[in-house]
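The structure under discussion appears below in the form of structure tokens.
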Amino acid sequence: MTTDGFTTYLWFDGQAEEAAHFYVSVFKNSSIGSVTRYTEAGPGPAGSVVTVDFTANGQKFVALNGGPEFRFSEAVSFQILCADQEEIDYYWTRLTEGGGEEGPCGWLKDKYGLSWQVTPQRLIDMIKDPDPEKAARATRAMLRSHKFDIAELERAYAGG
């Protein structure tokens with residue numbers, strides 16, 4: 001391989017540049033790279049955006065204006081492990097703004113239809129607890145949730 005890691009391509013229908021700027025605005029350690037435009041050879045209008053290279057939270061992406069043939073689905077999602085409630089609230093608010101949709105168990109779709117799991121690291125620890133009762137209580141609380149409330153998860157985990 002000529003580079004370390006992988007580059008994730010995200011397929012959009014005319015919103016690649018807008019989406020890249022949105023994701024760069026949401027995540028730290030993010031930047032826009034090169035923008036490729038169609039030439040007279042097409043297939044899109046000359047000068048319009050084909051791809052936008054960008055980095056979000058240190059991860060390499062390419063936003064591609066591929067057309068209306070494909071849409072995102074929950075079959076692929078990105079998990080954001082959050083250290084505290086402030087991070088959960090921030091990412092949940094930013095990623096649902098402008099037309100995003102809340103989903104169950106900490107999942108959401110952003111305004112472009114891309115799925116995200118906004119998850120407290122603490123929940124992962126609770127679910128992996130060797131005490132099966134504590135793990136089950138945390139799991140049940142998770143299944144009742146939309147946006148996670150760490151204090152509520154902690155109460156359920158503790159048996160309260």
Side-chain angles (χ1 to χ4, degrees), residues 1-128 142-153:
M1 291 176 56
T2 60
T3 62
D4 291 334
F6 296 96
T7 301
T8 302
Y9 268 68
L10 301 173
W11 183 293
F12 296 92
D13 183 16
Q15 306 120 326
E17 189 169 28
E18 173 188 317
H21 283 280
F22 174 70
Y23 297 129
V24 165
S25 78
V26 171
F27 296 99
K28 295 177 185 174
N29 192 21
S30 301
S31 61
I32 298 290
S34 63
V35 177
T36 305
R37 299 184 181 279
Y38 285 111
T39 65
E40 295 297 328
S48 65
V49 172
V50 180
T51 62
V52 179
D53 296 339
F54 70 101
T55 301
N57 195 34
Q59 172 67 43
K60 298 178 290 186
F61 291 91
V62 175
L64 167 71
N65 278 327
E69 293 83 9
F70 300 109
R71 299 274 184 239
F72 297 120
S73 81
E74 292 84 355
V76 173
S77 63
F78 294 97
Q79 184 181 50
I80 304 167
L81 286 176
C82 298
D84 55 32
Q85 192 65 48
E86 184 178 351
E87 283 188 355
I88 291 168
D89 295 344
Y90 169 79
Y91 288 114
W92 193 270
T93 299
R94 288 300 313 274
L95 290 169
T96 58
E97 73 186 16
E101 300 174 18
E102 296 186 5
C105 301
W107 287 54
L108 62 85
K109 287 184 184 179
D110 66 29
K111 62 186 171 182
Y112 303 103
L114 192 58
S115 292
W116 299 86
Q117 300 175 51
V118 182
T119 308
Q121 176 62 53
R122 180 69 181 118
L123 175 60
I124 304 300
D125 299 338
M126 288 183 226
I127 291 171
K128 290 181 177 180
M142 175 194 70
L143 293 171
R144 290 190 304 264
S145 298
H146 284 269
K147 180 179 87 168
F148 289 123
D149 179 323
I150 295 174
E152 184 178 310
L153 293 169

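Quick caveat: nothing in here was measured; it's all calculated off a predicted structure.
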Within-4.5 Å side-chain heavy-atom neighbours: I88 and P120:
yes
- prompt: After noting the C-alpha distance and the side-chain angles of F61 and F78, does the key distance pass the ring pair (Phe, Tyr, Trp, His ring centres under 6.0 Å) rule?
  reply: CA-CA 12 Å; F61 291 91; F78 294 97; 5.5 Å; yes
Do the side chains of V62 and F54 get nearer than 4.5 Å, heavy atoms only? no
Value for OH (Y112) from CG (L10), rounded to nearest 0.5 Å, stands at 11.5 Å
Minimal heavy-atom distance between Y38 and P45, with the atoms involved, is CB-O, 3.4 Å
In this structure, CZ of R37 is separated from CD of E17 (nearest 0.5 Å) by 5.5 Å
What one should report as the nearest heavy-atom pair of V26 and Y90 is O-OH, 2.6 Å
Sorted by chain and residue number, the ring pair (Phe, Tyr, Trp, His ring centres under 6.0 Å) partners of F148 (sequence neighbours excluded) come out as none
Taken to the nearest 0.5 Å, the spacing of L108 CG from E101 CD works out to 9.5 Å
Given side-chain contact (heavy atoms from CB on, under 4.5 Å), test V76 with S115 step by step and report yes or no. CA-CA 7 Å; V76 173; S115 292; over 6 Å; no
On a heavy-atom basis, the closest approach of W11 and G66 is CZ2-O, 3.0 Å
Closest heavy-atom pair, F22 versus S25, reported as atoms and distance to 0.1 Å, is O-OG, 2.6 Å
inquiry  = Show, in sequence, the C-alpha distance, side-chain angles and deciding distance for L114 and Y23, and conclude whether the side-chain contact (heavy atoms from CB on, under 4.5 Å) test is met.
reply    = CA-CA 11 Å; L114 192 58; Y23 297 129; 3.6 Å; yes
### Residue pair I80 / Q117, side-chain heavy-atom distance below 4.5 Å
no
So CD of E102 and OG of S145: to nearest 0.5 Å the spacing works out to 11.5 Å
On a heavy-atom basis, the closest approach of M142 and L153 is N-CD2, 4.0 Å
Sorted by chain and number, sequence neighbours left out, ring pair (Phe, Tyr, Trp, His ring centres under 6.0 Å) with W92 holds for none
Quick note, salt bridge (Lys or Arg N to Asp or Glu O under 4.0 Å) partners involving residues 85-94, not counting sequence neighbours, are D89-K147, R94-E97
Going by heavy atoms in the side chains, are T36 and V49 under 4.5 Å from each other? no
Here the pair of heavy atoms bringing H146 nearest to G103 is ND1-O, 2.9 Å
In short, salt bridge (Lys or Arg N to Asp or Glu O under 4.0 Å) pairs touching residues 103-123 with sequence neighbours left out are E74-K109, R122-E154
request  = Please lay out, stage by stage, how T119 and C82 fare under the test side-chain contact (heavy atoms from CB on, under 4.5 Å).
outcome  = CA-CA 6 Å; T119 308; C82 298; over 6 Å; no
Applied to residues 46-73, the salt bridge (Lys or Arg N to Asp or Glu O under 4.0 Å) test, sequence neighbours excluded, yields none
With side-chain contact (heavy atoms from CB on, under 4.5 Å) as the criterion, how do K128 and L123 come out once you've worked through the C-alpha distance, each side chain's angles and the decisive distance to 0.1 Å?
CA-CA 9 Å; K128 290 181 177 180; L123 175 60; over 6 Å; no
Residues passing the ring pair (Phe, Tyr, Trp, His ring centres under 6.0 Å) test with F27, sequence neighbours excluded, are Y91, W116
Next item on the list: Verify the distance criterion only: is there a donor paired with an acceptor across the side chains of T55 and S30 at less than 3.5 Å?
Entry: no
To the nearest 0.5 Å, atom CG of N65 lies from atom CG of D13 at 7.5 Å
Would F70 and F12 count as a close aromatic pair, with their ring centres under 6.0 Å? no
